[in-house]
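What follows is a short report on a single structure.
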Amino acid sequence: MAATHHSRYPPGVRALAPLVVVLLAGAGGAAAGGGRVVRVDHPEPDRVRVAAGSFAMGVPPDDIDVLVEECQLTVGSDENVDNCRLWFQALERRTHREVWVDSFWIDTSEVTTAQYRRCARDGGCSVGPLVSGDTRHLGDALPIVNVTRGEAQTYCAWRGGRLPTEAEWERAARGNDPKTPPQTWPWGDAPRPRDFNHGKIREQVIRQLADVGRPASPNVRGSGDPDDSDGWLFAAPPGRMRWSDSPHGLHDMAGNVAEWVLDDFDELGFLELSPVNPLRIGPPGSPAMTRGGSWRDPPFAARVDVPSYQSGFQNFIRPLDPDTRSVSIGFRCIYGGGSPDSSTHAPTPARTPVLR
(Lines give C-alpha, C1' and ligand atoms only; values in the text may rest on other atoms or scores of the structure.)
Protein backbone atom coordinates (compact mmCIF):
# COMPACT_ATOMS: atom_id res chain seq x y z
CA MET A 1 0.00 0.00 0.00
CA ALA A 2 1.50 3.32 -1.02
CA ALA A 3 2.55 5.64 1.76
CA THR A 4 1.16 9.14 2.01
CA HIS A 5 3.93 11.72 1.93
CA HIS A 6 4.19 14.60 4.37
CA SER A 7 4.26 18.05 2.85
CA ARG A 8 6.73 20.05 4.91
CA TYR A 9 8.56 23.24 4.12
CA PRO A 10 11.21 24.80 6.38
CA PRO A 11 11.02 28.50 7.21
CA GLY A 12 11.84 30.62 4.19
CA VAL A 13 11.18 27.84 1.67
CA ARG A 14 8.03 28.28 -0.36
CA ALA A 15 6.03 25.53 -1.98
CA LEU A 16 5.98 25.49 -5.77
CA ALA A 17 2.78 27.41 -6.21
CA PRO A 18 1.64 29.62 -9.08
CA LEU A 19 1.36 33.34 -8.68
CA VAL A 20 -2.26 34.36 -9.20
CA VAL A 21 -2.67 37.88 -10.49
CA VAL A 22 -5.97 39.75 -10.73
CA LEU A 23 -5.93 42.22 -13.60
CA LEU A 24 -8.29 45.09 -12.94
CA ALA A 25 -10.31 46.59 -15.77
CA GLY A 26 -11.68 50.03 -15.09
CA ALA A 27 -12.66 51.45 -11.74
CA GLY A 28 -14.96 48.55 -10.91
CA GLY A 29 -12.10 46.06 -10.96
CA ALA A 30 -12.61 42.38 -10.23
CA ALA A 31 -15.45 43.06 -7.79
CA ALA A 32 -17.48 44.59 -10.60
CA GLY A 33 -16.74 41.73 -12.94
CA GLY A 34 -14.43 43.85 -15.06
CA GLY A 35 -11.22 41.95 -14.40
CA ARG A 36 -9.74 38.55 -15.08
CA VAL A 37 -7.55 36.15 -13.16
CA VAL A 38 -4.25 35.17 -14.76
CA ARG A 39 -2.14 32.22 -13.59
CA VAL A 40 1.60 32.90 -13.84
CA ASP A 41 3.85 29.91 -13.14
CA HIS A 42 7.42 30.39 -11.91
CA PRO A 43 9.37 27.17 -12.51
CA GLU A 44 12.47 26.64 -10.44
CA PRO A 45 15.86 26.81 -12.18
CA ASP A 46 17.23 23.36 -13.01
CA ARG A 47 20.77 24.36 -11.98
CA VAL A 48 22.26 26.39 -9.15
CA ARG A 49 25.65 28.08 -9.04
CA VAL A 50 27.88 27.31 -6.07
CA ALA A 51 30.52 30.00 -5.62
CA ALA A 52 34.21 29.18 -5.32
CA GLY A 53 35.49 29.09 -1.79
CA SER A 54 36.75 27.19 1.21
CA PHE A 55 34.69 25.07 3.56
CA ALA A 56 35.25 22.64 6.42
CA MET A 57 35.01 19.15 4.94
CA GLY A 58 34.85 15.95 6.93
CA VAL A 59 33.63 14.37 10.15
CA PRO A 60 33.91 15.86 13.68
CA PRO A 61 36.32 13.59 15.61
CA ASP A 62 33.83 13.27 18.46
CA ASP A 63 31.25 11.75 16.10
CA ILE A 64 33.35 8.83 14.85
CA ASP A 65 32.55 6.38 17.67
CA VAL A 66 28.83 7.09 17.32
CA LEU A 67 28.95 6.50 13.56
CA VAL A 68 30.79 3.20 13.97
CA GLU A 69 28.19 2.05 16.50
CA GLU A 70 25.49 2.87 13.93
CA CYS A 71 27.41 0.85 11.36
CA GLN A 72 27.69 -2.12 13.70
CA LEU A 73 23.96 -2.06 14.44
CA THR A 74 23.25 -1.99 10.73
CA VAL A 75 25.48 -4.84 9.58
CA GLY A 76 24.28 -7.18 12.31
CA SER A 77 26.17 -10.33 13.21
CA ASP A 78 29.44 -10.53 15.11
CA GLU A 79 31.34 -11.50 11.95
CA ASN A 80 30.02 -8.50 10.06
CA VAL A 81 30.65 -6.03 12.89
CA ASP A 82 34.39 -6.45 12.34
CA ASN A 83 33.97 -5.05 8.84
CA CYS A 84 33.03 -1.67 10.32
CA ARG A 85 36.67 -1.31 11.35
CA LEU A 86 37.62 -0.39 7.79
CA TRP A 87 35.05 2.37 7.80
CA PHE A 88 36.28 3.49 11.24
CA GLN A 89 39.84 3.72 9.93
CA ALA A 90 38.68 5.78 6.96
CA LEU A 91 36.63 8.14 9.16
CA GLU A 92 39.64 8.74 11.42
CA ARG A 93 41.42 10.02 8.32
CA ARG A 94 38.45 12.10 7.21
CA THR A 95 38.19 14.56 10.09
CA HIS A 96 37.65 18.29 9.50
CA ARG A 97 40.03 20.07 7.18
CA GLU A 98 39.74 23.21 5.09
CA VAL A 99 39.13 22.50 1.40
CA TRP A 100 38.91 24.86 -1.55
CA VAL A 101 36.73 24.13 -4.58
CA ASP A 102 36.31 26.21 -7.70
CA SER A 103 32.86 27.52 -8.61
CA PHE A 104 30.48 25.21 -10.43
CA TRP A 105 26.86 24.78 -11.43
CA ILE A 106 24.97 21.76 -10.12
CA ASP A 107 21.60 20.19 -10.88
CA THR A 108 18.93 21.38 -8.46
CA SER A 109 17.42 17.88 -8.38
CA GLU A 110 18.47 14.29 -8.87
CA VAL A 111 18.28 13.21 -12.52
CA THR A 112 14.86 11.70 -13.23
CA THR A 113 13.91 8.68 -15.32
CA ALA A 114 12.26 10.94 -17.89
CA GLN A 115 15.44 13.00 -18.28
CA TYR A 116 17.59 9.90 -18.63
CA ARG A 117 15.12 8.40 -21.12
CA ARG A 118 15.61 11.41 -23.42
CA CYS A 119 19.34 10.73 -23.50
CA ALA A 120 18.74 7.06 -24.33
CA ARG A 121 16.34 8.00 -27.14
CA ASP A 122 18.95 10.40 -28.49
CA GLY A 123 21.46 7.55 -28.59
CA GLY A 124 23.71 9.18 -26.01
CA CYS A 125 23.01 6.82 -23.09
CA SER A 126 22.73 3.12 -22.43
CA VAL A 127 19.23 1.68 -22.05
CA GLY A 128 20.53 -0.57 -19.27
CA PRO A 129 18.97 1.38 -16.38
CA LEU A 130 15.62 1.47 -18.19
CA VAL A 131 15.38 -2.31 -18.57
CA SER A 132 16.91 -3.39 -15.25
CA GLY A 133 15.31 -4.21 -11.94
CA ASP A 134 11.89 -3.56 -10.46
CA THR A 135 9.67 -1.44 -12.73
CA ARG A 136 8.08 0.20 -9.66
CA HIS A 137 11.20 2.38 -9.51
CA LEU A 138 11.03 3.52 -13.16
CA GLY A 139 8.33 6.19 -13.03
CA ASP A 140 9.15 9.19 -15.23
CA ALA A 141 8.98 11.59 -12.27
CA LEU A 142 11.20 9.41 -10.04
CA PRO A 143 14.99 9.59 -9.80
CA ILE A 144 16.71 7.31 -12.31
CA VAL A 145 18.17 4.28 -10.51
CA ASN A 146 19.86 1.00 -11.54
CA VAL A 147 22.45 3.21 -13.21
CA THR A 148 26.16 2.41 -13.00
CA ARG A 149 28.67 5.12 -12.25
CA GLY A 150 29.94 4.98 -15.81
CA GLU A 151 26.42 5.36 -17.21
CA ALA A 152 25.79 8.30 -14.90
CA GLN A 153 29.00 9.95 -16.08
CA THR A 154 28.02 9.35 -19.71
CA TYR A 155 24.64 11.04 -19.14
CA CYS A 156 26.34 14.04 -17.50
CA ALA A 157 28.74 14.33 -20.44
CA TRP A 158 25.73 14.29 -22.81
CA ARG A 159 24.39 17.26 -20.83
CA GLY A 160 27.78 19.01 -21.03
CA GLY A 161 28.78 18.19 -17.46
CA ARG A 162 30.17 15.43 -15.26
CA LEU A 163 29.62 13.79 -11.91
CA PRO A 164 30.65 15.88 -8.90
CA THR A 165 33.74 15.11 -6.91
CA GLU A 166 33.14 14.21 -3.30
CA ALA A 167 34.39 17.66 -2.22
CA GLU A 168 32.06 19.43 -4.65
CA TRP A 169 29.11 17.34 -3.49
CA GLU A 170 29.81 18.09 0.18
CA ARG A 171 30.34 21.78 -0.52
CA ALA A 172 26.93 21.89 -2.24
CA ALA A 173 25.29 19.99 0.63
CA ARG A 174 26.84 22.03 3.45
CA GLY A 175 26.94 25.51 2.01
CA ASN A 176 29.19 26.72 4.83
CA ASP A 177 32.67 28.21 5.02
CA PRO A 178 35.57 27.46 7.43
CA LYS A 179 34.51 30.31 9.73
CA THR A 180 31.11 28.67 10.31
CA PRO A 181 30.79 25.52 12.45
CA PRO A 182 30.19 22.67 9.98
CA GLN A 183 26.65 21.30 10.04
CA THR A 184 25.71 17.64 10.15
CA TRP A 185 22.69 17.80 7.86
CA PRO A 186 21.76 20.07 4.94
CA TRP A 187 19.41 22.00 7.28
CA GLY A 188 21.65 22.17 10.39
CA ASP A 189 22.63 19.93 13.30
CA ALA A 190 19.31 18.69 14.71
CA PRO A 191 18.19 15.31 13.31
CA ARG A 192 14.83 15.47 11.51
CA PRO A 193 14.11 11.83 10.59
CA ARG A 194 10.49 12.51 9.56
CA ASP A 195 11.56 15.24 7.16
CA PHE A 196 13.79 13.39 4.70
CA ASN A 197 13.42 10.11 2.84
CA HIS A 198 15.44 7.38 4.55
CA GLY A 199 15.32 3.72 5.54
CA LYS A 200 15.76 1.89 8.83
CA ILE A 201 18.06 -0.64 10.41
CA ARG A 202 17.06 -4.15 9.40
CA GLU A 203 15.33 -6.19 12.11
CA GLN A 204 17.66 -8.63 13.88
CA VAL A 205 15.86 -11.77 12.72
CA ILE A 206 15.95 -10.55 9.11
CA ARG A 207 19.65 -9.76 9.41
CA GLN A 208 20.32 -13.27 10.69
CA LEU A 209 18.45 -14.81 7.79
CA ALA A 210 20.33 -12.57 5.36
CA ASP A 211 23.66 -13.64 6.91
CA VAL A 212 22.78 -17.26 6.17
CA GLY A 213 22.07 -16.51 2.52
CA ARG A 214 24.77 -13.93 1.89
CA PRO A 215 27.73 -16.26 1.13
CA ALA A 216 25.71 -17.79 -1.71
CA SER A 217 24.36 -14.41 -2.82
CA PRO A 218 27.29 -11.96 -2.64
CA ASN A 219 25.30 -9.06 -4.10
CA VAL A 220 22.80 -8.86 -1.24
CA ARG A 221 23.15 -5.37 0.12
CA GLY A 222 24.37 -4.95 3.68
CA SER A 223 22.20 -1.98 4.51
CA GLY A 224 18.75 -1.23 5.85
CA ASP A 225 15.16 -1.67 4.81
CA PRO A 226 12.51 0.76 3.52
CA ASP A 227 10.79 2.91 6.14
CA ASP A 228 7.62 4.87 5.38
CA SER A 229 7.65 6.89 8.62
CA ASP A 230 8.85 9.85 6.55
CA GLY A 231 5.93 9.44 4.15
CA TRP A 232 7.64 7.48 1.37
CA LEU A 233 8.34 3.76 1.27
CA PHE A 234 10.64 4.01 -1.76
CA ALA A 235 12.12 6.97 -3.65
CA ALA A 236 10.01 10.11 -3.98
CA PRO A 237 9.84 12.52 -6.94
CA PRO A 238 12.74 14.94 -6.38
CA GLY A 239 11.97 17.96 -4.24
CA ARG A 240 9.04 16.58 -2.24
CA MET A 241 10.87 16.55 1.11
CA ARG A 242 11.94 20.19 1.31
CA TRP A 243 13.68 20.01 4.68
CA SER A 244 16.40 18.05 2.87
CA ASP A 245 17.21 21.11 0.73
CA SER A 246 20.75 22.38 1.12
CA PRO A 247 21.53 26.05 1.86
CA HIS A 248 22.08 26.42 -1.89
CA GLY A 249 18.51 25.29 -2.59
CA LEU A 250 19.41 21.81 -3.85
CA HIS A 251 16.76 19.16 -3.24
CA ASP A 252 17.26 15.79 -1.54
CA MET A 253 20.83 16.29 -0.39
CA ALA A 254 19.81 13.97 2.44
CA GLY A 255 18.15 10.70 1.50
CA ASN A 256 15.83 9.76 -1.39
CA VAL A 257 18.50 8.09 -3.55
CA ALA A 258 22.20 7.86 -2.82
CA GLU A 259 24.27 9.75 -5.41
CA TRP A 260 27.36 8.64 -7.30
CA VAL A 261 30.48 10.80 -6.99
CA LEU A 262 33.70 10.62 -9.01
CA ASP A 263 35.97 9.67 -6.12
CA ASP A 264 36.98 6.11 -5.33
CA PHE A 265 36.88 4.88 -1.74
CA ASP A 266 40.16 4.42 0.13
CA GLU A 267 41.00 3.82 3.78
CA LEU A 268 43.50 6.66 3.43
CA GLY A 269 40.62 9.09 3.62
CA PHE A 270 41.96 12.60 3.09
CA LEU A 271 45.63 11.62 3.47
CA GLU A 272 47.78 12.61 0.49
CA LEU A 273 44.90 14.54 -1.09
CA SER A 274 45.30 18.14 -2.20
CA PRO A 275 43.21 20.67 -0.24
CA VAL A 276 42.39 22.35 -3.58
CA ASN A 277 39.78 20.60 -5.77
CA PRO A 278 40.66 17.21 -4.22
CA LEU A 279 39.83 14.02 -6.10
CA ARG A 280 40.91 10.46 -5.32
CA ILE A 281 41.16 8.04 -8.25
CA GLY A 282 42.35 4.63 -7.08
CA PRO A 283 43.80 1.73 -9.04
CA PRO A 284 41.51 -0.34 -11.28
CA GLY A 285 39.03 -2.29 -9.21
CA SER A 286 38.82 0.31 -6.42
CA PRO A 287 35.50 0.57 -4.57
CA ALA A 288 33.29 3.48 -5.57
CA MET A 289 31.45 5.94 -3.36
CA THR A 290 28.01 7.42 -3.04
CA ARG A 291 26.95 10.31 -0.85
CA GLY A 292 23.75 11.41 0.87
CA GLY A 293 22.09 8.11 1.83
CA SER A 294 18.87 6.76 0.36
CA TRP A 295 15.33 5.56 1.03
CA ARG A 296 16.69 2.20 2.20
CA ASP A 297 19.71 3.37 4.20
CA PRO A 298 19.46 4.11 7.94
CA PRO A 299 19.36 7.84 8.71
CA PHE A 300 23.03 8.19 9.69
CA ALA A 301 24.06 7.44 6.09
CA ALA A 302 22.39 10.69 4.97
CA ARG A 303 24.75 12.97 6.93
CA VAL A 304 26.55 15.46 4.71
CA ASP A 305 29.98 14.49 6.06
CA VAL A 306 30.21 10.71 5.58
CA PRO A 307 30.96 8.45 2.59
CA SER A 308 28.77 5.45 1.81
CA TYR A 309 29.35 3.09 4.72
CA GLN A 310 29.27 -0.04 2.55
CA SER A 311 32.31 1.08 0.51
CA GLY A 312 35.51 -0.84 1.19
CA PHE A 313 34.01 -3.58 3.37
CA GLN A 314 35.30 -7.09 2.83
CA ASN A 315 34.06 -10.65 3.38
CA PHE A 316 30.27 -10.53 3.93
CA ILE A 317 29.83 -6.89 2.92
CA ARG A 318 30.60 -6.31 -0.72
CA PRO A 319 32.62 -3.24 -1.76
CA LEU A 320 30.57 -0.83 -3.83
CA ASP A 321 31.52 -1.76 -7.39
CA PRO A 322 31.24 1.21 -9.80
CA ASP A 323 29.38 -1.15 -12.17
CA THR A 324 26.71 -1.84 -9.56
CA ARG A 325 23.04 -1.35 -10.40
CA SER A 326 20.89 -0.57 -7.38
CA VAL A 327 17.31 0.63 -6.93
CA SER A 328 18.57 3.08 -4.29
CA ILE A 329 21.46 4.74 -6.18
CA GLY A 330 21.05 7.64 -8.61
CA PHE A 331 23.00 10.84 -9.35
CA ARG A 332 23.05 14.52 -10.29
CA CYS A 333 25.49 16.38 -12.54
CA ILE A 334 27.70 19.44 -12.21
CA TYR A 335 28.99 21.84 -14.85
CA GLY A 336 32.30 23.68 -14.75
CA GLY A 337 34.35 23.48 -11.59
CA GLY A 338 37.86 22.15 -11.24
CA SER A 339 37.39 19.92 -14.31
CA PRO A 340 38.99 16.74 -12.98
CA ASP A 341 39.91 14.07 -15.50
CA SER A 342 36.79 11.96 -15.90
CA SER A 343 38.16 9.57 -18.51
CA THR A 344 38.90 7.04 -15.76
CA HIS A 345 35.18 6.45 -15.44
CA ALA A 346 34.24 5.75 -19.04
CA PRO A 347 31.62 2.96 -19.13
CA THR A 348 32.88 -0.55 -19.89
CA PRO A 349 31.13 -3.75 -20.90
CA ALA A 350 32.12 -5.31 -17.57
CA ARG A 351 29.72 -7.44 -15.57
CA THR A 352 27.18 -5.29 -13.69
CA PRO A 353 26.21 -6.75 -10.32
CA VAL A 354 22.70 -5.96 -9.14
CA LEU A 355 22.19 -5.03 -5.50
CA ARG A 356 18.87 -6.16 -4.10
Side-chain angles (χ1 to χ4, degrees), residues 10 13 48 50-51 53-64 66-68 70-71 87 90-91 93-101 104 106-110 143 163-199 230 238-239 241-263 265 269-270 273 278-280 289-295 297-311 328-332 334 337:
V13 175
V48 171
V50 177
S54 298
F55 73 106
M57 181 177 180
V59 183
D62 293 344
D63 287 5
I64 293 177
V66 174
L67 285 166
V68 173
E70 296 272 13
C71 171
W87 199 53
L91 293 179
R93 296 163 182 161
R94 296 173 60 92
T95 54
H96 284 157
R97 69 166 187 157
E98 185 175 338
V99 169
W100 171 277
V101 292
F104 57 90
I106 184 168
D107 288 340
T108 304
S109 300
E110 295 154 340
L163 288 175
T165 67
E166 190 185 14
E168 289 164 338
W169 190 97
E170 188 165 328
R171 163 78 169 170
R174 283 191 187 277
N176 65 306
D177 60 50
K179 298 178 182 178
T180 305
Q183 58 195 40
T184 306
W185 308 95
W187 56 82
D189 286 319
R192 301 188 62 92
R194 287 181 57 81
D195 292 308
F196 72 97
N197 192 1
H198 59 80
D230 50 58
M241 303 291 286
R242 299 301 290 272
W243 266 105
S244 60
D245 283 7
S246 83
H248 294 289
L250 306 176
H251 306 323
D252 301 304
M253 295 303 279
N256 212 33
V257 293
E259 299 179 14
W260 288 116
V261 292
L262 276 179
D263 297 65
F265 178 87
F270 296 152
L273 277 184
L279 170 65
R280 184 180 295 284
M289 270 199 292
T290 62
R291 295 298 301 267
S294 78
W295 57 263
D297 292 311
F300 76 89
R303 289 174 50 135
V304 298
D305 54 6
V306 297
S308 44
Y309 65 98
Q310 69 268 40
S311 297
S328 57
I329 297 178
F331 68 101
R332 74 181 74 213
I334 79 160

Should Leu67 and Phe300 be marked as a side-chain contact (heavy atoms from CB on, under 4.5 Å) after you check the CA-CA gap, both sets of side-chain angles, and the distance that decides it?
CA-CA 7 Å; Leu67 285 166; Phe300 76 89; 4.1 Å; yes
Closest contact, heavy atoms only, Ala258 versus Ser294:
N-CB, 3.4 Å
Could you check whether any side-chain N or O of Arg174 sits under 3.5 Å from a backbone N or O of Ala56, counting only pairs where one atom can act as donor and the other as acceptor?
yes
Distance to the ring centre below 6.0 angstrom and angle to the axis at most 45 degrees; does that hold for Arg93 and Phe270?
no
With heavy-atom distances below 4.5 Å as the criterion, would you say the side chains of Val59 and Ile64 are in contact?
yes
No-hydrogen, no-angle side-chain donor-acceptor test under 3.5 Å, Asp263 and Thr165:
no
Atom pair CD (Glu168) and CZ (Arg291), whose distance is rounded to the nearest 0.5 Å
12.5 Å
Run the side-chain contact (heavy atoms from CB on, under 4.5 Å) test on Asp245 and Leu250 for me, step by step, so that the C-alpha distance in whole Å, both residues' side-chain angles and the decisive distance to 0.1 Å come before the verdict.
CA-CA 5 Å; Asp245 283 7; Leu250 306 176; over 6 Å; no
Side chains of Pro164 and Leu262, heavy atoms from C-beta outward: is any pair under 4.5 Å?
no
Working to the nearest 0.5 angstrom, can you tell me the gap between Trp187 CH2 and Met253 CE?
12.0 Å
Whether the side chain of Arg280 engages the backbone of Phe265 through a donor-acceptor N/O pair (distance < 3.5 Å, no angle test) should be reported.
no
Show the nearest heavy-atom pair for residues Ala173 and Pro247, with the distance to one decimal.
O-CD, 3.4 Å
Could you state the interatomic distance from CG (Asp63) to CG (Leu91), rounded to the nearest 0.5 Å?
10.0 Å
Over 60° means perpendicular and under 30° means parallel, so classify the ring planes of Phe196 and His198, tilted if in between.
tilted
Do Arg192 and Trp185 come within less than 4.5 Å of each other through their side chains, counting heavy atoms only?
no
Heavy atoms, side chains only, cut-off 4.5 Å: are Ile106 and Arg332 in contact?
yes
Check whether Asp297 reaches the backbone of Gly199 with its side chain - one donor and one acceptor, N or O, closer than 3.5 Å.
no
Less than 4.5 Å apart, any side-chain heavy atom of Pro307 and any of Glu166?
yes
Over all atoms of both residues, closest heavy-atom pair of Pro278 and Val99:
CD-CG1, 3.6 Å
For Ala302 versus Gly255, what's the shortest heavy-atom pair and its separation?
CB-N, 3.8 Å
Walk me through whether Thr95 and Arg97 qualify under side-chain contact (heavy atoms from CB on, under 4.5 Å).
CA-CA 7 Å; Thr95 54; Arg97 69 166 187 157; over 6 Å; no
Donor-acceptor contact below 3.5 Å, side chain Ser308 vs main chain Thr290:
yes
Would you say the side chain of His251 lies within less than 4.5 Å of the side chain of Glu110, judging by non-hydrogen atoms?
no
Provide the closest heavy-atom pair for Val101 versus Ala167 in the form atom of the first, atom of the second, distance.
CG1-CB, 3.9 Å
Pairwise side-chain contact, Phe331 with Val261, heavy-atom cut-off 4.5 Å (strictly under):
no
Working for side-chain contact (heavy atoms from CB on, under 4.5 Å), residues Asp107 and Glu259:
CA-CA 12 Å; Asp107 288 340; Glu259 299 179 14; over 6 Å; no
Just by modelled atom types, is the Ala51 backbone N or O under 3.5 Å from a matching donor or acceptor in the Arg171 side chain?
yes
Decide yes or no for Trp169 and Leu163: does some side-chain heavy atom of the first lie under 4.5 Å from some side-chain heavy atom of the second?
no
Which heavy atom in Gly58 sits nearest to a heavy atom in Asp305, and how many Å separate them?
O-CB, 3.2 Å
